[in-house]
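One structure is given here, and the rest of the page talks about it.
Starting from 1, each residue takes its place in the sequence as its number.
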Amino acid sequence: MSNSDENITKMRLLVDGDGAGDDRRLNMMLKDLIKWCNADEDQQTCQQTYQRMLTQLAGIEWSMTKSMQAEAMNQAELVNYSNIHMKVESGILSAREEI
């Protein structure tokens, strides 16, 4: 695998988030938007396409919110585990002094 292939793979993994296909959703949304802007459709078909894109956008936003909440939870747990680690370490040090 060449360096550029590795960079592309890393970028795709960063964009994809938790592996839920976020990059695919964004690409599909972009394709639908371009197709919608360039299409000569009747009003009803245009409205259906618009509603479908709004649904896709809502799904993308929900996924982003979920990822942000998971990140916040992970950060809080990191602080919690750090505090627990410091308490355990001070307990070990005090136990060594007592011995």
Side-chain angles (χ1 to χ4, degrees):
M1 185 180 270
S2 71
N3 191 25
S4 64
D5 289 341
E6 288 179 21
N7 288 338
I8 291 170
T9 303
K10 286 179 186 177
M11 186 59 79
R12 288 192 65 125
L13 289 171
L14 287 173
V15 170
D16 191 26
D18 62 352
D22 294 339
D23 63 333
R24 183 179 167 281
R25 285 187 202 149
L26 289 171
N27 286 333
M28 293 300 293
M29 178 76 180
L30 180 61
K31 286 179 185 178
D32 286 345
L33 179 64
I34 292 170
K35 201 183 305 182
W36 182 64
C37 290
N38 294 326
D40 291 328
E41 300 174 336
D42 60 62
Q43 183 67 25
Q44 185 174 358
T45 305
C46 184
Q47 188 66 24
Q48 288 173 345
T49 304
Y50 176 71
Q51 291 300 321
R52 186 174 65 241
M53 286 191 306
L54 286 178
T55 302
Q56 288 175 335
L57 183 59
I60 291 168
E61 289 175 341
W62 180 81
S63 179
M64 181 185 71
T65 302
K66 182 177 143 188
S67 294
M68 290 172 60
Q69 291 292 327
E71 180 187 5
M73 179 190 69
N74 288 338
Q75 290 297 323
E77 283 300 308
L78 182 63
V79 170
N80 184 35
Y81 288 139
S82 179
N83 291 337
I84 291 171
H85 174 74
M86 289 188 328
K87 287 178 184 176
V88 168
E89 190 173 334
S90 67
I92 289 172
L93 291 175
S94 66
R96 281 185 184 168
E97 289 175 4
E98 289 178 10
I99 294 177

What I'd like to find out is whether the side chain of Gln51 reaches to under 4.5 Å of the side chain of Leu54, using heavy atoms alone.
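Counting from C-beta outward, Gln51 and Leu54 do come under 4.5 Å.
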Taking atom [atom1] of [X] and atom [atom2] of [Y], what is their separation to the nearest 0.5 Å?
X: Ile84; Y: Glu89; atom1: CD1; atom2: CD; value: 14.0 Å
X: Leu30; Y: Met28; atom1: CG; atom2: CE; value: 10.5 Å
X: Gln56; Y: Leu33; atom1: CD; atom2: CG; value: 10.0 Å
X: Thr65; Y: Ile60; atom1: OG1; atom2: CD1; value: 12.0 Å

So Asn80 and Glu77, side chain to side chain contact (heavy atoms under 4.5 Å, CB included) or not? Walk me through it.
CA-CA 5 Å; Asn80 184 35; Glu77 283 300 308; 3.8 Å; yes
Exam field: side chain [X] to backbone [Y], donor-acceptor pair closer than 3.5 Å:
X: Ser94; Y: Gly91; answer: yes
X: Trp36; Y: Thr49; answer: no
X: Thr45; Y: Glu41; answer: no
X: Ser63; Y: Gly59; answer: no

Going only through I, L, V, M, F, W and Y residues with side-chain contacts under 4.5 Å, is there a path from Met29 to Tyr50?
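Yes, Met29 connects to Tyr50 through the hydrophobic network.
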Looking at every non-hydrogen atom in both residues, tell me the closest pair between Arg52 and Asp32 and how far apart they are.
NE-OD2, 4.3 Å
Taking it one step at a time, do Met68 and Met64 satisfy side chain to side chain contact (heavy atoms under 4.5 Å, CB included)?
CA-CA 6 Å; Met68 290 172 60; Met64 181 185 71; 4.0 Å; yes
